[in-house]
Amino acid sequence: MKIMKFAILTLLAASTGAAHAADPFVVGIVAPTTGSLTTVGLRQLSAVQWWEKKVNAAGGIVGRPVLVVHCNDEGSPEKSASCVRDLISKGSVILLNASVTGPIRAAMPLLQNGPVMVTPSPNIVPSPASYVFQTSPSDVDLTKSIASFLKQNKLDRLAMLASTDASGEVGVASAAEVFPKEGIKYDLARIDLRANDASIQLANIVKPEVKVVFSNYSGGGAAAVVKSYNNLSLAQPLIVSYANISDAFINVIKNDLPTRLLGTGLKAVAPEMLDDPARRKHVEDFMASYKEMTKDNVDMLTLLGLTLADTADAVLRNVKDPRDAASVRTYLETNPVPSIQMLRWSKDRHVGMTADDVSVLEYKKGKWVKADPVQ
Amino acid sequence: MTLLETRNLSGGYRALTIFSDVNLTIEPNTITGILGPNGAGKTTLLKTLAGLLKAQSGTIRLDGNDVMPLSAHDRARHGIALVPEGRQIFQGLTVKENLGIPRSASRFSAVEFDRRFEEILTIFPRLRERLGQLGGGLSGGEQQMLAIGRALLLDPKVLMLDEPTQGLAPIMVSQVLSSLEALRGRFSMLIVEQNRDFLDRLSNSKFVFRGGKLEQTT
Amino acid sequence: MSRALSIGVAAVTAVLLGVAWLGWIPGVTSSTITATALRALALMGLNLIFGVVGMLAFGQAAFMALPAYFAGIMDRMGVPLLIALPLALTMVVLLARAVAEVLVRLPGVYLAVGTLGFGMVVEGLARAFPSWTGGASGLVFEHGRNFGTNVWCAIAVVSLAFGVGCYVWYVRGAVWRRLRAIRHDELAASVLGIDVHREKAKIFTIGSAYSAVGGLLLFHYVGVLIPEDAGVVRSLEQIGTLLLGGAGFLVGPIVGAFLVDWFFVISGYAARYELVIYGATFLLVVMYAPQGVSGLLLRPWKRLAGDKAEKAPVVEIRHSVAAVSSDSRVSGRPCLLLHNVTQSFGGVHALVDISLDVKAGEVFTLVGPNGAGKTTLFNIVSGVLRPTSGRTLLDGVDITDLPVHRRAALIGRSFQTPRLVPELSVLANVVLRVDQLSPKLSEQARQAIALEQLRMFELENLSYLSVAEVGLGQRKLIDIARAAVGNPPIVLLDEPAVGLTSAELMHLSEMIRKLKRQGCAVVIVEHNIEFVSNIADRGIVLDSGREIARGTVRDIMAEESVKAAYFGALS
Amino acid sequence: MNPLTQSLISGLMSGAVYALLAVGLVLAFHTTRVVNLAHGESFAIGGLVAATLADAGLPAYVFAPVAIAASVLFLLAVERFLLRPRRSWPIGNLILVTLAAAFLTRGVLQLAMGVDPLSFPRMFTGAPFRIAGGVLPPQGLALIVIGVTTAVAVTLFLLFTPLGRKLRAVAENPDAAELLGVNVDRARSLAFGIAGALGGLSAVLLVPLVSVDYQAGLGMTLRGFIAAALGGMAPATVILAGLGLGLSEALVTNYAGALAQDPIVFIALIAVAVWQSRKIAFGGTGRA
């Protein structure tokens with residue numbers, strides 16, 4: 001049997017001229033590296049490229065090198081769709097999508113017959129029937145972590161700021177779903193992406209009785225929120241969103257840090273919060289190696305990029321024929337993938353993490369650590 | 001000594017040559033006229049002399065010095081003034097502002113400039129009445145006076161006028177004529193015209209442009 | 001475009017498409033072809049609006065996104081696709097017509113701001129009502145998935161071919177000339193009888209329809225539409241793409257869309273350098289190939305083809321222009337009447353209480369110093385200005401409120417500096433006026449009439465020259481011949497003698513006498529007194545907007561007040 | 001806190017920036033007839049240079065002038081190397097040259113400065129002012145005061161100084177100005193230099209309150225352009241148009257929410273454009 005299989009494979013390889021033994025595994029990644037979402041795309045891409053170098057330096061996977069092919073979708077759905085078509089035609093065995101909501105949604109219908117696409121965006125929540133897998137927790141899960149933080153601190157009032165882009169929109173929907181159930185009253189204001197100033201919004205929602213403010217703004221413009229916070233001399237702790245847990249963001253607002261800066265983040269951002277020593281080591285090794293290679297610090301987005309790389313790594317190592325999309329899907333639905341935290345998908349849920357993987361963190365002395373209570 | 005002299009001057013636009021081998025000599029304090037039909041190259045010649053167009057070949061000398069390397073504004077500073085066809089008044093500037101433009105380029109000193117400014121208003125009294133008005137609000141004749149007055153404030157060695165009577169009512173033509181006559185002898189003038197009578201009254205020597213060549217006539 | 005040329009273009013396109021579809025061009029697959037074709041189809045709209053007519057439309061992306069939004073909303077409401085798609089397109093075309101009504105009158109920069117604003121409104125509304133439009137997360141189209149890659153490719157290519165076909169069928173002959181005239185000089189176009197605003201609104205609507213069809217298909221193909229797709233950045237990108245391809249060229253949109261898509265695919269590896277490469281390429285194109293890549297490609301071809309396509313065989317003239325026929329005119333009958341016309345601009349009186357009566361078959365002159373109000377009077381008669389008070393009557397009919405273009409059949413006007421369309425031949429410039437007077441005639445008949453007009457004024461040897469090759473004096477004569485097409489009751493000539501050689505002056509006098517014989521009333525503004533005295537019968541003298549004399553030319557020249565105001569000491 | 005007062009403060013802050021950008025755009029437009037679509041890049045360059053130098057530990061009195069100088073140099077280069085050699089070109093093509101320059105600049109900034117948003121410390125620190133229930137930080141006050149004063153000063157310079165008079169003459173008829181001894185090239189350089197200084201100044205004043213990245217330019221060009229067009233491309237009125245635009249954005253955001261801002265503000269903008277163009281269309285066709 002083995003010989004037969006080998007013969008068929010060799011024949012196939014010879015006839016297509018594509019699957020030569022030393023031919024690389026092609027891993028396609030869609031990431032915006034120009035346009036307004038460059039920060040998001042570049043960091044995740046950079047983590048995946050770190051993985052590519054590391055794997056290839058170690059001799060590849062089962063003797064085959066890995067080739068990461070990047071396509072820049074500029075954050076546009078139309079280009080995202082062409083990217084995915086292009087990457088499929090280049091023979092990608094797995095697709096990584098480090099873009100944002102609209103473009104990812106444009107790519108999804110193209111995957112009726114695979115290949116598997118993995119994305120860290122919390123806004124997708126892919127259908128379990130699809131070939132799409134989401135590594136990060138959903139936005140609802142992130143919102144739940146804030147709700148439970150408020151409850152731990154016996155607070156039932158929140159002021160919330162959301163941008164007018166897709167993540168703001170999803171954030172508003174999650175808030176409407178989560179907070180009323182938990183008995184939390186919240187005042188909401190939206191802020192335009194081009195706004196220079198958030199003081200109007202803050203003036204409208206931050207009242208003396210509100211003890212915590214949450215900004216769901218995830219882009220670079222979120223700096224305006226923090227700076228306006230400072231302008232108005234607000235004293236309440238400010239919780240920023242997922243994507244703002246980064247050195248780049250801290251660098252922008254370093255002259256205007258609020259009294260207390262909190263943020264929703266994966267526990268891996270503060271590795272000491274991880275219970276599993278293997279995960280902790282994995283994250284710490286990555287942080288050190290990545291810094292050595294790129295001179296950059298690891299942040300939330302880089303960690304999310306690593307979840308993509310780890311998923312691809314697990315698939316390539318463990319699935320016999322990664323070109324068979326169905327078996328890749330079955331593998332991911334049945335085996336947890338060890339990454340920065342454990343990614344657990346199932347036949348009913350293509351979201352790899354839950355609210356338990358998220359925590360409210362606090363920025364203290366140049367580091368993100370577990371948040372202190374709020375008085 | 002000859003004031004302005006061209007040798008084998010050719011000019012035009014890009015690849016197109018409009019006039020060629022023009023040899024023109026202008027003595028100090030004389031009035032030279034050039035006649036010729038439309039499209040003969042008169043305007044192109046004046047623009048080339050003023051530096052708005054690059055000469056294709058030949059030389060231009062002012063007081064014996066080569067002016068070819070000088071740009072139009074530098075030639076204006078050295079005394080070559082052109083009152084262009086169609087007057088080209090700054091319509092959005094007042095008459096006073098129009099007259100003030102040459103101030104820093106003028107060969108006059110600041111004090112002298114102010115004195116000459118007054119003199120211009122004496123030569124063209126209608127301008128004095130309209131000092132605060134916008135250039136665009138002037139009649140054609142008044143605009144012509146303003147254009148000449150402006151150029152005079154540069155203290156020109158040679159004043160070139162391109163079709164000064166074009167589109168003017170006869171009464172205006174005669175006014176322009178008498179003001180130019182009053183200026184005779186102070187500097188040289190080079191006038192391009194289609195109105196032969198006008199040139200007959202003014203010029204010491206006359207040329208005709210035919211097919212891109214300059215010919216002396218009487 | 002000649003038939004041979006269109007067949008050639010079609011053949012080349014077919015071969016290119018085949019080669020592309022077979023995957024012989026690196027980076028090009030059938031999905032590239034689909035996206036390129038649909039985008040090119042949408043771009044053809046911008047090409048009409050901006051490339052051909054020159055309107056600065058900064059909001060075409062909105063017209064691409066809108067039909068997709070409408071169709072998506074209807075789909076959510078359960079309207080079947082086959083009803084939703086045409087209905088969505090109809091709605092967008094109607095909307096474009098309404099937008100055009102408001103915006104097309106705006107000059108250059110304001111049109112840009114207006115259309116840009118429109119795009120921002122659409123983008124903003126799409127964001128503001130997520131329950132209908134999918135909001136910032138995007139509207140998903142499920143139907144497009146029912147078709148395979150090759151089906152989509154076929155749909156796209158056929159739609160584009162159909163779009164190109166419609167364009168070639170529509171933008172030719174009279175329409176082409178009209179659009180060129182509008183682009184070059186709106187005032188001259190309206191004096192020729194072109195309803196400039198209506199034409200521009202029409203082109204804006206047709207162009208937006210192209211954008212709408214292209215966009216509707218494109219977004220169904222892509223599957224998702226986000227508000228940014230309607231926004232100003234996308235609109236600017238479209239303009240960039242069109243310029244790269246070559247604005248105003250039929251193939252410009254296709255070349256541009258292909259290059260941008262292709263560049264995007266092959267630069268996939270460039271990552272961080274992509275923007276620099278794109279910027280540098282774009283800069284090189286605008287600096288060294290301002291006509292775009294099409295301009296570069298077609299340059300040698302154009303030289304070969306020349307302007308020969310226009311030399312249609314001359315047919316025997318059986319038609320004449322459907323203006324007032326000259327036999328019905330009686331010389332000496334009152335033709336143009338002005339009753340107490342006053343015109344003031346913001347309190348400044350340009351004309352005060354002027355009355356005129358010009359009879360058929362006479363040459364009437366307006367004399368006066370510059371700024372006396374002669375051009376203002378011309379503008380009132382031709383309808384460019386509406387008088388502050390007073391009435392204008394033509395053949396007994398009150399035309400005071402008639403817009404410029406609707407007077408054109410009755411009034412011919414030439415300009416002080418001739419306003420011919422430089423990209424067109426001399427003949428085409430004259431046909432331009434025949435087009436407006438006799439739109440029902442065939443192209444050949446219209447050309448024949450124009451040729452006859454040139455022949456009558458002994459200018460036929462210039463017919464097939466381009467305007468740029470013709471001397472200034474001859475241009476003036478052509479402008480006058482054009483104004484006189486169809487023997488309008490009134491011909492207005494603004495300083496016709498300025499800049500003419502003596503031979504041309506004689507020619508001009510002969511032309512004016514011919515017009516007179518045909519029963520036209522000729523009104524002339526002129527400073528050349530010798531010329532006027534020879535040709536004119538009667539006249540009026542204006543000074544600072546007021547009448548100071550009237551009567552036969554001889555009489556008014558002798559009048560003392562006229563001497564003082566006009567001739568001065570010289571006479 | 002009083003949201004109305006706060007919106008007025010916020011609106012004035014944005015408005016001052018719009019006014020600065022618009023005046024610079026108009027100045028360049030008048031001397032060359034070109035709507036410089038690379039104008040906003042002077043903002044991006046100024047902001048990024050300032051942020052980089054501040055990060056290197058340089059004090060404000062060093063990084064602010066250097067940043068403004070960088071913006072000035074940038075626009076001088078656009079005029080000198082891109083526009084001047086092509087001055088006989090049709091205006092439309094020149095506008096596209098500036099658009100292409102904007103794209104290229106963005107690409108270069110991305111490579112040179114990275115993609116992360118940057119910011120730098122405020123030059124005007126201290127306790128914020130509290131006025132009628134609104135809060136205005138010293139940097140915001142400086143932005144409003146310096147911004148509006150500078151914009152007005154440039155306008156006065158144009159209207160009332162000999163140099164300004166020359167710039168206006170060049171704007172109207174460059175050939176005639178040249179014939180009267182005005183160095184047109186130098187005048188254009190001056191106009192672009194001032195425009196660059198205004199772009200750099202707006203960055204130095206605004207960026208400490210927000211952030212700037214390599215692609216900030218296009219947005220700034222658009223805002224300046226809208227304010228400039230609304231003001232009829234005349235320096236005096238574009239200041240009012242800029243302030244009006246900033247205030248209306250802020251008020252709509254306050255009373256109708258951020259999602260309503262674009263639809264409402266831009267419908268108003270279309271209405272103003274239609275109204276503005278009325279007189280121009282009339283005057284325009286009035287001249288035959």
Side-chain angles (χ1 to χ4, degrees), chain C residues 54 56 99 102-103 105-107 109-125 127-130 186-187 190-191 232-233 236 239-240 243 247 272-287 290 345 375-376 378-379 382 384-385 404 413 415-416 494, chain D residues 29 35 37 82 85-86 89-90 92-94 96-111 115 214-215 218-219 222 225-226 228-230 232-233 257-274 276-278 280-288:
Chain C
L56 277 178
V99 169
V102 181
L103 294 186
R105 286 163 202 277
L106 308 190
V109 145
Y110 290 99
L111 179 66
V113 174
T115 46
L116 184 150
F118 177 75
M120 298 292 266
V121 171
V122 173
E123 181 182 347
L125 289 176
R127 244 180 243 288
F129 298 97
E186 290 189 11
L187 177 67
S190 62
V191 168
V232 59
V233 176
L236 283 178
I239 290 180
L243 289 163
R272 272 152 46 81
Y273 299 95
E274 188 171 329
L275 209 50
V276 169
I277 298 172
Y278 181 74
T281 316
F282 190 27
L283 191 60
L284 287 176
V285 167
V286 293
M287 291 204 313
F345 300 107
T375 302
T376 307
F378 262 26
N379 281 338
S382 59
V384 174
L385 287 177
V404 193
R413 175 174 179 183
F415 292 90
Q416 195 177 338
D494 198 349
Chain D
F29 170 76
V35 177
L37 295 181
L82 297 180
R86 295 173 184 77
W89 280 26
N93 294 48
L94 290 179
L96 294 169
V97 169
T98 64
L99 182 65
F103 279 129
L104 182 59
T105 308
R106 234 190 301 167
V108 172
L109 285 179
Q110 183 192 3
L111 289 180
V115 299
Y214 72 97
Q215 52 197 344
L218 179 65
L222 275 181
F225 171 67
I226 289 167
L230 282 182
M233 289 293 186
L259 282 171
Q261 184 188 305
D262 278 358
I264 294 179
V265 169
F266 282 95
I267 283 177
L269 185 130
I270 295 172
V272 175
V274 171
Q276 267 274 8
S277 68
R278 277 276 146 88
I280 288 187
F282 187 74
T285 50
R287 254 175 215 291

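Throughout, protein chains are lettered first and strands after them, A, B, ... in sequence-line order, and every chain is numbered starting at 1.
- Heavy atoms closer than 4.5 Å to chain D are found in the side chain of C:Leu243, but not in its backbone.
- Of all the heavy atoms in D:Asp262 and C:Met120, the pair that sits closest is CB-O, 4.0 Å.
- Separating the CG atom in D:Leu104 from the OH atom in C:Tyr278 is a distance of 12.0 Å, to the nearest 0.5 Å.
- For chain C, no part of D:Leu37 is nearby; none of its heavy atoms comes within less than 4.5 Å.
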### Message
Let's go through C:Met287 and D:Val97 carefully: what are the C-alpha distance in whole Å and the side-chain angles of both, what is the deciding distance for side chain to side chain contact (heavy atoms under 4.5 Å, CB included) to 0.1 Å, and is it a yes or a no?
### Response
CA-CA 7 Å; C:Met287 291 204 313; D:Val97 169; 4.3 Å; yes
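- Smallest separation of non-hydrogen atoms from C:Gly117 and D:Ile270: C-CD1, 3.9 Å.
- Heavy-atom minimum distance, D:Pro263 versus C:Gly124: CG-C, 3.7 Å.
- The two atoms that bring C:Val113 and D:Ala229 nearest to each other are CG2-CB, 3.3 Å, heavy atoms only.
- Scanning all heavy atoms of the two residues, the minimum distance from C:Ala112 to D:Phe225 falls at CB-CZ, 4.3 Å.
- Counting heavy atoms from C-beta outward, C:Arg105 and D:Val274 have side chains that stay 4.5 Å or more apart.
- Once rounded to the nearest 0.5 Å, the distance linking OH of C:Tyr110 with CG of D:Leu269 reads 10.5 Å.
- For chain C, the nearby part of D:Arg86 is the side chain; its heavy atoms alone come within less than 4.5 Å.
- Classified by interplanar angle (parallel below 30°, tilted 30° to 60°, perpendicular above 60°), the ring pair C:Phe282/D:Phe103 is tilted.
- If you take CG on C:Leu283 and OG1 on D:Thr98, they are separated by 10.0 Å, rounding to the nearest 0.5 Å.
- In plain terms, the two heavy atoms of D:Ala100 and C:Val286 that are nearest each other are CB-CG2, 3.8 Å.
- For chain C, no part of D:Leu94 is nearby; none of its heavy atoms comes within less than 4.5 Å.
- For chain D, the nearby part of C:Leu103 is the side chain; its heavy atoms alone come within less than 4.5 Å.
- For the atom pair CG (C:Leu116) and CD1 (D:Ile226), the distance works out to 5.0 Å, reported to the nearest 0.5 Å.
- With a threshold of 4.5 angstrom between heavy atoms, C:Val232 approaches chain D through side-chain atoms but not through N, CA, C or O.
- Contact annotation for D:Tyr214: only side-chain heavy atoms (C-beta onward) come within less than 4.5 Å of a heavy atom of chain C.
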